[in-house]
Each structure stands twice: as structure tokens, then as C-alpha cells.
Amino acid sequence: MRFVKPCLVILVGPSGAGKSTWASATFDPNEIVSSDQLRAAVGIDQDDQVASTDAFHLLHETVTRRLARGLTTVVDTTGLDAETRRDYVDLASDQMMITYAVCFDTPADVCRARNARRNRPIPQSVHNKQISSYQRNRAEVERDGFDEVVIVDQADPGELAPVAAGPKSLVGSEEAARLQEESPGRLAFGLQISSFQWPDSSQTTPDRLRAITASARQAGFESIWVMDHFRQIPQVGRAWEDMLESYTTLAYLAGISEQIRLGALVTGVTYRNPALLGKMLATLDVLSGGRAICGLGLGWFEQEARAYGIDFPDVNTRYELLEDTLQLLPLLWGPGSPEFIGKQITVPEAMCYPRPVQERIPVLVGGGGERRTLRLVARYADYCNLFGEPETVRHKVEVLHEHCRSVERDPAEVIVSHLGPALVATDRDHLRELIAEHRPPNTSSDNYAAATMAGTVEEQIGRYRRLADAGVQLAIVNLPNVADPVAISRFRGIITAFA
């Protein structure tokens with residue numbers, strides 16, 4: 001099974017059941033709050049029962065503070081007090097954390113034998129009460145409100161199947177990866193570059209972009225995408241970090257690459273005159289030999305727009321401007337110079353020469369708004385770009401198909417893309433190293449792993465298979481370590497699995 005992190009895990013079982021051995025094999029040491037370790041911290045050693053009161057006071061304080069910060073917490077005690085279990089479940093649920101109870105059905109004679117081997121064994125009468133209490137009350141754990149109750153037998157710890165822990169997005173990835181191997185599905189991949197903040201970036205940026213582009217093509221990425229922002233967005237970095245203008249960057253990428261397609265994910269419709277935007281895209285298409293993709297969206301970063309003196313109208317006006325732009329661009333890229341009068345813009349002569357190399361530059365609309373955005377996709381676009389877990393994507397695709405049918409359009413004409421991060425490692429040890437290397441200060445390993453969808457190559461194959469089964473045809477990947485050519489090449493194994 002896989003534990004979804006961040007989470008609360010309460011171990012339940014008598015002393016000698018193998019709880020500590022199991023916990024140390026499954027979770028990182030800093031995630032485990034152990035009564036034995038705290039007893040050693042405030043007493044003679046971990047078997048100093050006189051120090052138990054102080055140890056449990058520290059344990060409760062530590063667990064409470066960790067849960068308040070949303071940190072994965074494994075409570076390594078006997079876990080036999082139902083009221084304490086329920087209090088911890090309530091605290092974790094307040095932080096939207098998954099909660100697990102792990103009950104240890106280790107035979108009583110094995111527990112007794114282990115206790116006897118301790119430097120200072122628990123008195124036999126106390127230990128017998130633990131064992132009988134567990135046997136009598138284990139069924140109560142099912143009523144404590146845990147999201148899942150797991151039963152293990154630690155009679156022989158060496159025989160216990162390994163248990164993985166990681167982000168929710170990778171739940172079920174092992175089964176999906178096996179399915180992909182047995183019955184391969186197809187999925188195309190694009191690479192997004194969202195940050196240009198590298199050491200000596202102003203001097204090294206051209207070379208780094210060249211290296212990224214070359215590595216992306218070698219790995220099998222079919223497209224490269226950049227964000228259309230004038231300064232860095234809060235989700236990625238700080239406002240003063242380097243951010244290249246998108247279409248200047250795409251023109252540079254066109255000049256240093258072949259075959260790979262190029263687009264902005266996505267262009268805010270308020271940021272440029274729509275006719276000028278159409279001219280820019282046509283120019284990019286000509287200079288790239290027909291590789292441009294037009295990504296469009298409402299725009300959302302009001303603070304950025306205001307800082308640059310750009311109007312940022314209300315959402316209804318932006319929707320009207322987006323629809324005007326979707327109607328204008330095909331006219332602009334077509335023959336002649338027709339007049340266009342929309343709800344928000346008027347173009348007396350929609351004329352663009354040279355016209356694009358492609359008969360129609362593909363148009364992608366970003367966003368999953370079910371009432372308006374996906375309706376616009378169904379009417380005008382060639383791609384829609386979605387976010388989220390497979391269940392969310394599947395629902396959005398169903399809504400999109402309903403909109404297509406309402407305008408008598410074949411849903412198969414719209415390509416479904418998905419944008420999401422991926423931190424990719426060769427194995428679990430390598431994954432821990434990458435997380436430690438790249439996670440920002442004051443961000444827990446669990447939260448960073450969840451934010452970057454961190455996983456091994458095999459786990460990522462399973463994750464993308466689940467997205468493909470939900471309807472995704474193009475996965476656009478944001479690699480946190482995109483400046484590392486090795487990180488890009490590591491993705492080749494995932495792309496190959498879907499080729």
C-alpha cells in the first residue's frame with residue numbers, strides 16, 4: 001500500500017509488537033515521535049519507566065505542534081488510549097491531513113519474548129495488560145475516525161512487504177504502471193520553462209536555454225512552453241527574479257531548435273492588442289517553419305498588470321475580450337483584410353502578411369471553468385489545458401464533450417492537455433536526495449513532494465497513465481530542476497513508455 005503524505009500515523013499495539021522497527025523502515029526518522037526516544041531524552045534511557053510521565057507530556061506537545069504545521073507525524077507509542085487517538089485524529093483532520101491507524105497483530109508470545117530481551121523489561125503484569133487491552137479493544141480503532149486502518153503482523157519483520165509513502169497524486173501508480181507495460185497507451189509530452197533564475201543568469205541564460213532545448217528534444221518532448229508573465233509569479237518565486245518576455249523567448253527558441261513546437265502557456269488577452277498578438281504569432285510561425293501554438297487565457301495576475309500600466313478589467317469584460325480574440329485570429333491569419341467588430345475590440349482591416357506557414361495555428365485555451373471557458377474551447381479552440389488529479393480531469397473532459405455536442409462539434413477534434421509539475425528520481429533514495437536539494441527553506445519534505453508530484457520514474461509512468469485514462473492526450477511538464485540536462489534526460493524513460 002502507499003501512505004499519502006503529509007499524514008498522521010498512529011501505531012497501535014503492545015510493547016514488543018515491532019512498531020518501532022516497522023516505523024523506521026517506512027518513514028524518515030524526523031517524522032517519528034517515539035515515546036521510547038523521549039523517555040531516553042528525559043530519563044536514563046528508553047527503558048526508564050520512571051521518566052514515562054515527562055516523556056508522554058513531551059510527546060503530546062510535539063505531536064500537537066507538528067500537526068498544527070501540517071507535518072507528517074508517526075506516533076510511536078502503544079496507541080491503546082482511544083481518547084488520545086481521537087484527539088490526534090481531530091487535530092490532523094483540521095489540517096486536511098490523511099489519518100492512518102496501523103494495528104500490530106504480532107503474536108503475544110513473540111511480544112513477550114522481545115520484552116524479555118530488553119535491558120530493563122516492562123514488568124510482566126504491565127505487559128500482559130497491554131496485550132489483553134490490545135486484543136480486547138482493537139476493534140475500537142475502526143470507530144476512531146481514521147481514513148484507513150492497516151493491519152500488520154511483525155512476527156518476522158524481514159517478511160513484511162515494503163510500504164511506500166508519498167504524494168496523493170501517486171496513489172495507485174504501481175498498478176497503473178503495470179497496466180501501461182502490459183497494454184501501452186499513447187501520450188505526448190511538452191516541457192514548460194517557468195523560471196529563469198539561474199546563477200549568473202543574465203550571462204548564462206542563452207546557453208542554458210540552448211542546453212534545455214537540446215535535452216528536451218533528445219528526451220522526446222514534442223513541445224516547449226513558457227509562461228506569459230512580465231515578472232515572476234508568487235507560485236514560482238519572487239517578483240524580482242529573472243523573467244523573460246515570452247514571445248521574444250519563443251523567437252529565440254525557434255532559432256536554436258528544429259521540429260519541436262513552441263507556445264506560451266498561456267497569453268493573457270489583456271496584455272497585448274489582439275491584432276498585434278496575431279501578427280506576432282504569425283511571425284513566430286513563419287520563422288519557426290510552422291511550429292507555433294497559440295495559447296490564450298483570461299489572465300489573472302492583476303498586480304502584475306497594474307505594475308506595468310496595463311488595464312485589468314473585470315472578469316466578464318475579459319471573457320468578452322477572449323472570445324473576440326478567438327474570433328479575430330482566424331480572420332487575421334486568413335486571406336484578405338476583412339473588418340472585425342467584436343464586443344470589446346474593432347479591427348478595421350484584419351490583415352496579416354506573411355500569413356502563417358500552418359493553414360491554422362492551433363489555439364489552446366487555458367482553464368477549466370465549466371460554464372464559460374470550456375464552452376469557448378468547444379466553439380473555437382483546438383486544445384484545452386486542464387489541471388488537477390485524474391478524477392478532476394475526467395469530469396472536466398466530460399463537461400467539455402457536452403459543450404462540443406451542444407455546438408455539433410466532434411469532441412475528438414479538441415486535444416486535452418494537462419499542466420503539472422514532476423520531480424523525477426531513479427529510486428526512493430534518489431528521490432529523498434532531490435527533495436532535500438531542491439525544497440525551499442521552511443517547507444517540509446512532504447509538502448514539497450506533494451507540490452512537485454515527486455516520484456520515481458516508475459511511479460510517474462503510473463501517474464501519467466492515470467491521466468491518459470482520464471482523457472489527457474498531451475502532458476505538459478514543469479520540472480523543478482529543468483536547468484539540469486540530466487533531469488530532462490531522466491524523463492526520457494517516461495516518454496518512451498508512452499511512445
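The residues of the chain are indexed from 1 along the displayed sequence. The shown structure was predicted, so the numbers you read here are calculated from the model rather than taken from an experiment. Values below: every heavy atom of this structure, side chains too, minus hydrogens, waters and symmetry copies.
Here L374 contributes atom CG and C404 contributes atom SG; the two are 9.0 Å apart, rounded to the nearest 0.5 Å. Going from atom CG of L474 over to atom CG of L386 covers 11.0 Å, rounded to the nearest 0.5 Å. Between I476 atom CD1 and S417 atom OG the span is 4.5 Å, to the nearest 0.5 Å. In this structure, CE on M453 lies 12.5 Å from OG on S173, to the nearest 0.5 angstrom. A distance of 7.5 Å separates CZ in R439 from OG in S444, rounded to the nearest 0.5 Å. Rounding to the nearest 0.5 angstrom, the gap separating the NE2 atom in H401 from the CG atom in D410 is 8.5 Å.
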### Task
Evaluate the salt bridge (Lys or Arg N to Asp or Glu O under 4.0 Å) criterion for residues D469 and R466: first the C-alpha distance (whole Å), next the side-chain angles of each, then the deciding distance (0.1 Å), finally the verdict.
CA-CA 5 Å; D469 288 345; R466 293 177 63 228; over 6 Å; no

### Query
Yes or no on side-chain contact (heavy atoms from CB on, under 4.5 Å) for I488 and F221, after CA distance, side-chain angles and deciding distance?
CA-CA 9 Å; I488 298 175; F221 286 101; 3.9 Å; yes

### Message
Please evaluate residues M243 and F196 with respect to the criterion side-chain contact (heavy atoms from CB on, under 4.5 Å), reporting the C-alpha separation (whole Å), side-chain torsions for both, the decisive distance (0.1 Å), and the verdict.
### Response
CA-CA 6 Å; M243 174 56 65; F196 306 92; 3.9 Å; yes

### Task
Using the side-chain contact (heavy atoms from CB on, under 4.5 Å) rule, take L179 and E175 through it: C-alpha gap first, then chi angles, then the decisive distance, then the call.
CA-CA 6 Å; L179 177 61; E175 296 82 356; over 6 Å; no

### Task
With side-chain contact (heavy atoms from CB on, under 4.5 Å) as the test, would you mind laying out the steps for R379 and L326 before giving the verdict?
CA-CA 9 Å; R379 285 185 176 275; L326 290 167; over 6 Å; no

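Environment of CD in E258: sparse, with no more than 12 heavy atoms of neighbouring residues, nucleotides or ligands closer than 6.0 Å. No more than 12 heavy atoms of other residues, nucleotides or ligands lie within 6.0 Å of CD in Q303, so this atom counts as exposed by the packing criterion. Counted within 6.0 Å of CZ on R360, heavy atoms from surrounding residues, nucleotides or ligands total more than 12; the atom is thus considered enclosed. Remark: R69 CZ is loosely packed, at most 12 non-hydrogen atoms of other residues, nucleotides or ligands lying under 6.0 Å away.
Counting only distance, with no hydrogens or angles, the side chain of D382 and the backbone of V363 share a donor-acceptor pair below 3.5 Å. At distances below 3.5 Å, at least one donor-acceptor pair connects side-chain atoms of D427 with backbone N or O atoms of D429. Looking only at distances, a side-chain donor or acceptor of T72 sits under 3.5 Å from a matching main-chain atom of C7. In this structure, T373 contributes its side chain and G368 its backbone to no donor-acceptor pair below 3.5 Å. For Y383 (side chain) and P362 (main-chain N/O), no donor-acceptor pair under 3.5 Å exists by modelled atom type. Proximity of a side-chain donor or acceptor of K19 to a complementary backbone N or O of F104 within less than 3.5 Å is not detected. A donor-acceptor pair under 3.5 Å links the side-chain atoms of R318 to the main chain of G299, judged by distance alone. Remark: side-chain polar atoms of D28 are not paired, donor with acceptor, to backbone N or O of N30 under 3.5 angstrom.
The closest side-chain heavy-atom distance from F146 to I10 is below 4.5 Å. Contact of the Y100 side chain with the V4 side chain is registered, since non-hydrogen atoms from C-beta on lie closer than 4.5 Å. By the 4.5 Å heavy-atom criterion applied to side chains, V9 and T26 are not counted as neighbours. With contacts defined as side-chain heavy-atom distances shorter than 4.5 Å, the pair I293/W225 qualifies. Residues V399 and E402 are not in side-chain contact: their nearest non-hydrogen atoms beyond the backbone lie 4.5 Å or more apart. Between E459 and R428 there is a side-chain heavy-atom pair separated by less than 4.5 Å. Residues R138 and D105 have side chains in contact (heavy-atom distance under 4.5 Å, counting atoms from C-beta outward).
The minimum heavy-atom distance linking C294 with L329 is given by the pair SG-CD1, 3.8 Å. The shortest heavy-atom contact between V397 and A470 is CG2-O, 3.9 Å. Of all non-hydrogen atoms in W22 and V152, the two that sit nearest each other are NE1-CG1, 4.3 Å.
Among L262, T205, L244, the one residue that satisfies the side chain to side chain contact (heavy atoms under 4.5 Å, CB included) test with T249 is L244.
The side chain to side chain contact (heavy atoms under 4.5 Å, CB included) test applied to E458 returns A177, T456, not counting sequence neighbours. Remark: D76 engages no residue in a salt bridge (charged side-chain N to carboxylate O under 4.0 Å, His left out) (not counting sequence neighbours). Under the rule for a side chain to side chain contact (heavy atoms under 4.5 Å, CB included), the partners of P480 that lie at least two apart in sequence or sit in another chain are L423, Y448, T452. Judged as a salt bridge (charged side-chain N to carboxylate O under 4.0 Å, His left out), and not counting sequence neighbours, R66 has no contacts. Here E31 pairs with K5 under the salt bridge (charged side-chain N to carboxylate O under 4.0 Å, His left out) rule; sequence neighbours left out. Checked against salt bridge (charged side-chain N to carboxylate O under 4.0 Å, His left out), E433 has no partners two or more places apart in sequence or in another chain.
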Can you list, pair by pair, the side-chain donor-acceptor contacts under 3.5 Å of residues 181-195, counting residues two or more places apart and other chains?
residue: Q192; atom: OE1; partner: N478; partner atom: ND2; Å: 2.7
residue: S194; atom: OG; partner: N478; partner atom: ND2; Å: 3.0
residue: S195; atom: OG; partner: Q197; partner atom: N; Å: 3.4

Compile the donor-acceptor pairs under 3.5 Å between side chains in residues 280-287 and protein atoms, sequence neighbours left out, one pair per line.
residue: T283; atom: OG1; partner: K279; partner atom: O; Å: 2.9
residue: D285; atom: OD1; partner: R291; partner atom: N; Å: 3.3
residue: D285; atom: OD1; partner: A292; partner atom: N; Å: 3.1
residue: D285; atom: OD1; partner: Q358; partner atom: NE2; Å: 2.6
residue: D285; atom: OD2; partner: V357; partner atom: N; Å: 2.8
residue: D285; atom: OD2; partner: Q358; partner atom: N; Å: 2.9

Donor-acceptor contacts, no H, no angles, side chain residues 264-271, under 3.5 Å, sequence neighbours left out:
residue: T267; atom: OG1; partner: Y247; partner atom: OH; Å: 2.6
residue: T267; atom: OG1; partner: G295; partner atom: O; Å: 3.3
residue: Y271; atom: OH; partner: E304; partner atom: OE1; Å: 2.3

Determine all donor-acceptor pairs shorter than 3.5 Å in which one atom belongs to a side chain in residues 490-499; sequence neighbours excluded.
residue: R490; atom: NH1; partner: V424; partner atom: O; Å: 2.9
residue: R492; atom: NH1; partner: Q218; partner atom: O; Å: 2.1
residue: T496; atom: OG1; partner: R492; partner atom: O; Å: 2.8

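Contacts classified as salt bridge (charged side-chain N to carboxylate O under 4.0 Å, His left out) and involving residues 221-230 (residues at least two apart or in different chains) are given here: D228-R272. Every pair passing side-chain hydrogen bond (donor to acceptor under 3.5 Å, both in side chains) that includes a residue from residues 231-240 is listed here, sequence neighbours excluded: R238-E241.
Salt bridge status for R394 with E391: absent, with no side-chain N to carboxylate O gap under 4.0 Å.
Checked by atom type, the side-chain pair Y380/E323 shows a donor-acceptor distance below 3.5 Å.
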